[in-house]
Amino acid sequence: MTRRDAGRMILGAATVAGGSEFLAGATEQQKRPSENQFAPPAPDRFKNYQPQFFSAEEFHILDAFTDLLIPADETPGARDAHVAPFIDFVVNAAAEYEPGMQKKWRRAMAWLQTQNFGSLSKDRQLALMREMSQPEHDRQKKHPGFFAYRLIKEMTLHAFYTSREGLIGDLDYQGMAYLTHFPGCTHPEHHRV
């Protein structure tokens, strides 16, 4: 999935029924004038989120998986950014413009269910996720769950780093800043030629 594909998915999702309600927090932030260009975070609208596409078990699995991919530490994690509800919303909306996407997600969730991912301990979930990701680090290795890992990881990264929590909370994005000079990389290991 490319950045352009993800952008098309989100734009398509925004046009379906309920899209404006789901994305209301982001659009409201843009409407409010403020001395600080970023408005305060919206109240937790997703506290009692009911999945539209995934079953309750699938949603639990998705939420646990995304939390393992981007856990909260001194910065926000996937749960703070409501990554699982975002994915559910986008995949549900895909029925109108990319029905094949839903088949991929059903297949990925079915594979994770066969592994009993939702009932595993957090340590065992993490171990399984590491096993699934091995082909990403070593092209010689194969894993039957790699497709599920890649699918969830790609959408998780997109959802997280386009959220307020990812963009501002994790990346510390300051907005469109004007730089008078470019300081360059300060890591000594990157100064070797």
Side-chain angles (χ1 to χ4, degrees), residues 1-27 29 41-42 44-72 75-120 122 125-126 128-129 132-133 136 145-171:
M1 176 185 304
T2 65
R3 185 181 297 180
R4 184 169 292 169
D5 292 336
R8 267 189 294 222
M9 278 190 321
I10 293 168
L11 288 173
T15 63
V16 299
S20 60
E21 181 180 328
F22 186 87
L23 300 170
T27 56
Q29 279 182 206
D44 192 358
R45 299 176 299 135
F46 301 104
K47 189 174 186 178
N48 297 312
Y49 181 79
Q50 297 298 313
Q52 304 299 304
F53 176 77
F54 297 108
S55 69
E57 181 185 359
E58 290 170 334
F59 190 76
H60 168 72
I61 289 170
L62 179 64
D63 184 55
F65 202 99
T66 60
D67 185 52
L68 288 172
L69 284 170
I70 307 177
T75 60
R79 282 194 177 129
D80 300 315
H82 310 293
V83 168
F86 176 84
I87 292 172
D88 177 68
F89 172 75
V90 170
V91 175
N92 185 55
E96 294 183 31
Y97 62 94
E98 194 180 337
M101 176 193 283
Q102 291 186 333
K103 290 178 185 173
K104 290 177 188 174
W105 280 93
R106 287 282 181 228
R107 188 172 151 238
M109 290 295 109
W111 191 89
L112 288 169
Q113 285 175 312
T114 65
Q115 305 302 305
N116 297 315
F117 190 87
S119 60
L120 297 174
K122 192 169 185 172
Q125 287 176 339
L126 186 58
L128 177 58
M129 189 175 71
M132 293 167 66
S133 72
E136 186 174 66
F146 182 64
F147 78 96
Y149 167 80
R150 290 289 297 176
L151 183 68
I152 298 169
K153 179 184 173 185
E154 286 175 2
M155 185 73 86
T156 297
L157 291 175
H158 177 78
F160 182 74
Y161 287 109
T162 56
S163 73
R164 176 186 180 83
E165 290 77 5
L167 192 61
I168 299 169
D170 190 45
L171 296 178

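Taking the side chain as every heavy atom from C-beta outward, L112 and L62 never approach each other to under 4.5 Å. Within the 4.5 Å cutoff, the side chain of M132 has heavy atoms near those of the W111 side chain. Annotation: side chain of F54 is not in contact with side chain of H60 (no heavy-atom distance under 4.5 Å).
Atom-to-atom distance recorded for K153:NZ and S133:OG is 7.5 Å, nearest 0.5 angstrom. Expressed to the nearest 0.5 Å, how far CD1 of I87 lies from OG1 of T156 amounts to 4.0 Å. Between the NE2 atom in H82 and the OG1 atom in T66 there is a gap of 11.5 Å [rounded to 0.5 Å].
For residues 107-117, no pair satisfies salt bridge (charged side-chain N to carboxylate O under 4.0 Å, His left out), with sequence neighbours left out.
Nearest approach of L128 to Q115, heavy atoms of both residues: CD2-CB, 3.8 Å. Closest heavy-atom contact between Q125 and L68: CB-CD1, 3.5 Å. When all heavy atoms of D88 and F53 are compared, the pair lying nearest together is OD1-N, 2.9 Å.
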Worked check of side chain to side chain contact (heavy atoms under 4.5 Å, CB included) between Q52 and F89: CA-CA 7 Å; Q52 304 299 304; F89 172 75; over 6 Å; no
Candidate pair M129 and L69, rule side chain to side chain contact (heavy atoms under 4.5 Å, CB included), full reasoning
CA-CA 9 Å; M129 189 175 71; L69 284 170; 3.7 Å; yes
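A search for side chain to side chain donor-acceptor pair (under 3.5 Å) contacts involving D63 returns R79, not counting sequence neighbours. The salt bridge (Lys or Arg N to Asp or Glu O under 4.0 Å) check on K122 picks up D67, with sequence neighbours excluded. R106 meets the salt bridge (Lys or Arg N to Asp or Glu O under 4.0 Å) test with E58; sequence neighbours excluded. Under the ring-ring contact (aromatic ring centres under 6.0 Å, His included) criterion, F65 pairs with F117, not counting sequence neighbours. With sequence neighbours left out, the salt bridge (Lys or Arg N to Asp or Glu O under 4.0 Å) criterion links E57 to no other residue. For A81, the side chain to side chain contact (heavy atoms under 4.5 Å, CB included) criterion is met by V83, F160, S163, E165, not counting sequence neighbours. Partners of F146 under the ring-ring contact (aromatic ring centres under 6.0 Å, His included) rule, at least two apart in sequence or in another chain, do not exist in this structure. In this structure, the ring-ring contact (aromatic ring centres under 6.0 Å, His included) partners of F59, at least two apart in sequence or on a different chain, are Y49.
With hydrogens and angles disregarded, a donor-acceptor distance shorter than 3.5 Å links the side chain of Q102 to the backbone of V91.
Taking the six-membered ring where the residue is Trp, H158 and F86 present tilted rings, their angle falling between 30° and 60°.
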